[in-house]
Amino acid sequence: MHGLFIEISPSNVLLDGGAAVPKIADFGLAKLATAATRTETFKGWGTPAYMAPEAWDGAANTTAMDLYSGGVLFFELATFQYPVQPRLGDPPTIAWRNAHLLVAPTNARTLRADLSIELWQLITRLLQKDPKKRPATWAEVKTSLARSLPVSAPDVSSLVRRATERTVASDLAAAAARASQEQALERRQLLTNACEEPIAILQELVATFNAASDLGALEISRERDDVVTVRKQPGSLPTPSLVVRFRQIEDLEVRADGIYRVIGAAAIEPEPKPAQQSDYFDNESLGGFNLLYRVRRADDRFGEWYQLRFEMSPMGRERRYPHWWAHGLDKLPRELRLLSAVHVYQNQRRPLDHDWFRDLLAHLV
């Protein structure tokens with residue numbers, strides 16, 4: 001099998017007549033087969049349930065990939081189950097990818113107590129996520145299989161069992177760490193992508209204004225993924241800016257309101273000052289508002305945006321300009337827990353739209 005690698009799956013294994021001797025068929029020509037036996041018809045893709053972890057990243061075909069696929073087949077022959085199970089609800093291809101990359105194989109002896117220690121250890125080695133930890137060649141697999149046959153030798157099965165159990169425990173720990181890391185990366189990317197929705201609204205407003213106005217233009221810039229600034233195009237005098245900041249937070253569950261994962265604030269910097277004393281409370285002009293990205297349940301991947309603005313409670317004596325404002329991102333999580341409580345602040349909340357952004361842009365033009 002030098003220079004030619006195949007993916008081992010039941011469709012590649014044939015029984016030789018009455019002798020019931022299994023033989024491998026296909027030999028790398030599966031790219032010519034129909035979709036009934038392969039997911040893709042180009043080399044590098046195969047049957048998802050048998051594809052090695054590195055195959056999902058488009059790595060070149062290697063013997064190690066075939067050894068992993070063989071391990072899946074051995075496990076299936078021994079237990080009538082797959083060693084890893086895809087998560088329900090995910091698209092099939094993604095579900096199998098995540099299962100092979102992130103899920104530790106089931107301990108075969110929990111399903112088949114009479115499985116020999118030697119065969120259990122071999123299957124465990126074949127199913128290692130790291131290709132370097134698998135047997136190096138099929139000859140080594142053959143030697144290991146021969147060792148699983150009864151021989152006249154000292155009984156070291158307890159030692160083999162102990163070594164295999166430690167390997168299985170290590171695999172479980174490593175898989176849990178990989179899954180946690182992968183989930184954290186996925187969560188961070190999903191939330192970063194979610195921030196594009198309010199940014200797109202702001203970009204649309206700026207582009208529409210610039211197309212319609214002959215008296216100055218606005219420019220929008222992104223200093224980082226979590227900071228967006230809108231200002232007048234450079235002129236002779238310093239001008240205020242509309243600054244939008246985002247922050248991803250740990251899941252913040254607010255009673256029956258849902259779970260918040262991203263908070264934001266849109267405000268004019270520096271804060272505009274009132275022209276008259278009466279503006280301290282009577283002017284309805286927005287001084288800023290908060291942005292909230294909320295999911296309904298902890299396992300939801302996608303949520304919805306809300307806008308939230310605060311004012312002083314009429315029950316108190318304090319007045320503030322602007323009438324409406326946004327809390328800073330450090331203080332906002334605490335205030336979210338008090339949304340339904342009698343408090344010194346009142347709030348107004350609504351789904352994300354253009355209006356409050358447009359009101360803030362009025363300070364710039």
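No experiment lies behind these values; they were computed from the predicted model shown.
Between His327 and Arg334 the shortest side-chain heavy-atom distance does not fall below 4.5 Å. Between Leu191 and Phe246, every side-chain heavy-atom pair lies at or beyond the 4.5 Å cut-off.
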Quiz item: Between Ile220 and Gln203, does a side-chain contact (heavy atoms from CB on, under 4.5 Å) hold up when you go through it step by step?
Solution: CA-CA 7 Å; Ile220 185 168; Gln203 289 172 328; 3.7 Å; yes
Quiz item: Can you list the steps and then say if Gln248 with Thr192 is a side-chain hydrogen bond (donor to acceptor under 3.5 Å, both in side chains)?
Solution: CA-CA 8 Å; Gln248 297 183 20; Thr192 298; 3.1 Å; yes
Quiz item: Going through the checks in order, is the side-chain contact (heavy atoms from CB on, under 4.5 Å) test met by Val141 and Ser144?
Solution: CA-CA 5 Å; Val141 173; Ser144 296; 5.6 Å; no
Quiz item: Between Arg134 and Gln128, does a side-chain hydrogen bond (donor to acceptor under 3.5 Å, both in side chains) hold up when you go through it step by step?
Solution: CA-CA 6 Å; Arg134 299 172 202 152; Gln128 292 292 298; over 6 Å; no
Exercise. Would you please test Glu54 and Lys132 for salt bridge (Lys or Arg N to Asp or Glu O under 4.0 Å) and show each step?
Key: CA-CA 11 Å; Glu54 64 271 25; Lys132 297 188 293 296; over 6 Å; no
Exercise. Could you go through the side-chain hydrogen bond (donor to acceptor under 3.5 Å, both in side chains) check for Gln346 and Glu311 one step at a time?
Key: CA-CA 5 Å; Gln346 291 191 148; Glu311 66 172 348; 2.8 Å; yes
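In this structure, the separation between CG on Leu126 and CG on Leu67 is 6.0 Å, given to the nearest 0.5 Å. Between Leu242 atom CG and Arg231 atom CZ the span is 10.5 Å, to the nearest 0.5 Å. Between atom CG of residue Asp359 and atom CD1 of residue Ile268 there is a gap of 10.5 Å, rounded to the nearest 0.5 Å. The OG atom of Ser241 lies 12.5 Å from the CG atom of Leu360; values are rounded to the nearest 0.5 Å. Here the CG atom belonging to Leu308 is positioned 7.0 Å from the CG atom belonging to Leu332, to the nearest 0.5 angstrom. The CH2 atom of Trp138 lies 13.0 Å from the OG1 atom of Thr143; values are rounded to the nearest 0.5 Å.
For CD of Gln181, the number of neighbouring non-hydrogen atoms (other residues, nucleotides, ligands) closer than 6.0 Å is 12 at most. In Asp114, the CG atom is crowded: over 12 heavy atoms of neighbouring residues, nucleotides or ligands sit closer than 6.0 Å.
Distance alone, capped at 3.5 Å, is enough to place a donor-acceptor pair between the Ser69 side chain and the Met65 backbone.
A salt bridge links Arg294 to Asp257: one of the charged nitrogens lies within less than 4.0 Å of a carboxylate oxygen. Taking 4.0 Å as the cut-off between side-chain N and carboxylate O, Arg301 and Glu186 count as a salt-bridged pair. Using a 4.0 Å cut-off between a side-chain N of Lys or Arg and a carboxylate O of Asp or Glu, Glu76 and Arg112 do not qualify as a salt bridge. The residues Glu140 and Arg125 are annotated as salt-bridged, a charged nitrogen and a carboxylate oxygen being separated by less than 4.0 angstrom. A salt bridge is defined here as a Lys NZ or Arg NE, NH1 or NH2 lying under 4.0 Å from an Asp or Glu carboxylate O, and Glu250 with Arg187 fails to meet this definition.
In the hydrophobic clustering of this structure, Val227 does not group with Val244; members are Ile, Leu, Val, Met, Phe, Trp, Tyr whose side-chain heavy atoms approach within less than 4.5 Å, directly or through other members. Residues Leu205 and Val230 share a hydrophobic cluster, clusters being chains of Ile/Leu/Val/Met/Phe/Trp/Tyr side chains in contact below 4.5 Å. When hydrophobic clusters are built by joining Ile, Leu, Val, Met, Phe, Trp and Tyr residues whose side-chain heavy atoms come closer than 4.5 Å, directly or via intermediates, Leu111 is grouped together with Tyr82. Transitive grouping of hydrophobic side chains (ILVMFWY, heavy atoms separated by less than 4.5 Å) brings Ile201 and Phe302 into a common cluster. Val243 and Phe310 are assigned to two separate hydrophobic clusters, defined by single-linkage of ILVMFWY side chains at heavy-atom distances under 4.5 Å.
Each of Trp305, Phe209, Phe289 was checked for a ring-ring contact (aromatic ring centres under 6.0 Å, His included) with Phe357, and the lone residue meeting it is Phe289. Among the candidates Arg261, Arg297, Arg296, the single residue satisfying the salt bridge (charged side-chain N to carboxylate O under 4.0 Å, His left out) test with Asp251 is Arg261.
Cation-pi check for Arg109 over Trp120 is met; the charged atom lies under 6.0 angstrom from the ring centroid and within 45 degrees of its normal.
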